[in-house]
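Notes follow once the structure below has been shown.
Side chains are part of it too, since the values below use all heavy atoms of this structure and drop only hydrogens, waters and symmetry mates. Each chain gets a letter, A, B and so on, in the order the sequences are listed, and its residues count up from 1.
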Amino acid sequence: MNKEIRAIRGVRDLLPGELKKWRFVEKQAVSIFEAFGFEEIRIPIIEEAGLFQRSVGLYTDIVEKEMYIFSDKKGRTLALRPEATAGVVRAYVENRLFDSQRIQRFYYSGPMFRYDRPQKGRYRQFYQMGVEIFGGATGYYDGELIFLLGKILSNIGFKDYSFEINSIGCDKCKPAFTGKLSNYLNERISSFCSDCKIRAQHNILRVLDCKNNECRQILRDAPGITDFLCEECRHHREEVYKYLAIFSIPYRETNLVRGLDYYTRTVFEVKIQGDENAVAGGGRYDNLVYQLGGPSTTAVGFAIGMDRICELLENPGKEEESIWVIFLGERAFSEGIPIINNLREKNIKTIVDYDKRSLKNYLKVADRQGIKKVFILGEDELSKRSFLYKDMNNGTQQLIPFEKIVNILKVNL
RNA sequence: GUGGCUAUGGUGUAAUGGCAGCACGAGAGACUGUGGCUCUCUUGGAGCGGGUUCAAAUCCCGUUAGCCACCCCA
């Protein structure tokens, strides 16, 4: 054998067995998205690197350390998308989709790329489904998304999930807060863990999220963002909570901070109980459309981590019934094929094998594959113008005349 | 990016530094147009590269990959 070529680090093949779950989740999610009036959008997987630098943020881990970035043959600096929101906003602006009369809802699905260290639930090529709402300014829209997200999780069978929510303020109030926080931290900087010392420089809000006990102690008396939120942000936050109450969605208010620069006001994440990783996360980004060259437009969105969701999901297991057709001999094959094709026209899943094997071998394979319905056509059956139908569950057999086959199957299936 | 653990047929697993074995799977047959049960036979393995040794799955170094924790995130 030649040397085997293997998939590169952090990427994987999704094989048919696994994909049954994926397709189930995708179907559920899409039907809910559409029920809420979201429309699909498809955007490129590669973009100018600058798009992500300007939106996600130059000093975020995603852009600084995790982005697949390269030059094309013309020397343009491109990147594999590490997330989708930036691209959707770019598309929204570029295609002049902004419409002051209408609030617009989009959903997307596809692979994202981050050069992370791989682990379970964490891949270099991973899949997200997500939504974005443009133009909805009130807290209702944040609430709608959280409601919709919870609905998807429930519908695919999760009972115990919990939302964490926070508000990180807007352009007006966030700087005042980070300034105060920075002063507070700098006065005590030697007491913090080494991670926090770095966070204090680059992404100061993340210090609040530190799990280290000593850091938490010191942070108890640190300025809290809640006290600094401006009137509008405060009001917005209350609105969100009001809608969550109306939708009866349980949530916890935490110090959640997300590692993307574009977020304003609401940020949220959801975890499935017993699992550390967030399966979905999102928030509001009221400045991003403007930053990327569009008119000032409020927006809010989230993304679901498909890999993580599917890893937590039991396999639905219920096999789709199919009919397996065995032809014995040339004449049987040429006379039987048109009838079989007719079944496919009627959307009856029919698998044909014609491989010069023994009947015994075919039946053994059928048994091991868990195939329940086998149709046999050989010389004996041909002379009776019938298929021999064998029910693999109990071994019973019956002849079904060619002309009745579609009707019988429609009733049976 | 940092630290740790792991790596044996397709899968799951054994073996004081001394013949790589077992189970399942897969293939053939017993049973040539009838599967499942049983029996027989067959198939196929040390991630990769070095080193130590008379001798390495076993010890050492490197590397690759997976997993775990951190970081971060979906």
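Comparing the C1' positions of B/G44 and B/C24 gives a spacing of 14 Å, expressed to the nearest Å. Rounded to whole Å, the P atom of B/G25 lies 32 Å from the corresponding atom of B/G18. Comparing the P positions of B/U11 and B/C48 gives a spacing of 14 Å, expressed to the nearest Å.
In the region residues 112-126 of chain A, proximity to RNA chain B at under 4.0 angstrom, judged on heavy atoms, holds for A/Arg114, A/Asp116, A/Arg117, A/Pro118, A/Gln119, A/Lys120, A/Gly121, A/Arg122, A/Tyr123, A/Phe126.
Ion pairing between A/Arg265 and A/Glu239 fails under the 4.0 Å rule for side-chain N and carboxylate O. The pair A/Arg357-A/Asp355 meets the salt-bridge criterion, since a charged nitrogen lies less than 4.0 angstrom from a carboxylate oxygen.
Counting any heavy atom pair closer than 4.0 Å across all strands shown, A/Gly370 reaches no nucleic acid atom.
Taking the six-membered ring where the residue is Trp, A/Phe302 and A/Phe33 present tilted rings, their angle falling between 30° and 60°.
Nucleotide B/A14: unpaired (no Watson-Crick or G-U wobble partner with both distances less than 3.5 Å). Across all strands shown, B/C70 is found opposite B/G1 as a Watson-Crick or G-U wobble partner, with both distances under 3.5 Å.
Place A/Gln128 and A/Val11 on RNA chain B by their nearest nucleotides, and A/Val11 ends up nearer the 5' end.
With A/Phe126 as the aromatic partner, A/Arg124 does not meet the cation-pi criteria of under 6.0 angstrom to the ring centre and within 45 degrees of the ring axis.
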Across nucleotides 28-36 of chain B, 5' to 3', mark each nucleotide with B, S or - according to how protein heavy atoms within less than 4.0 Å reach it. S--B-BBBB

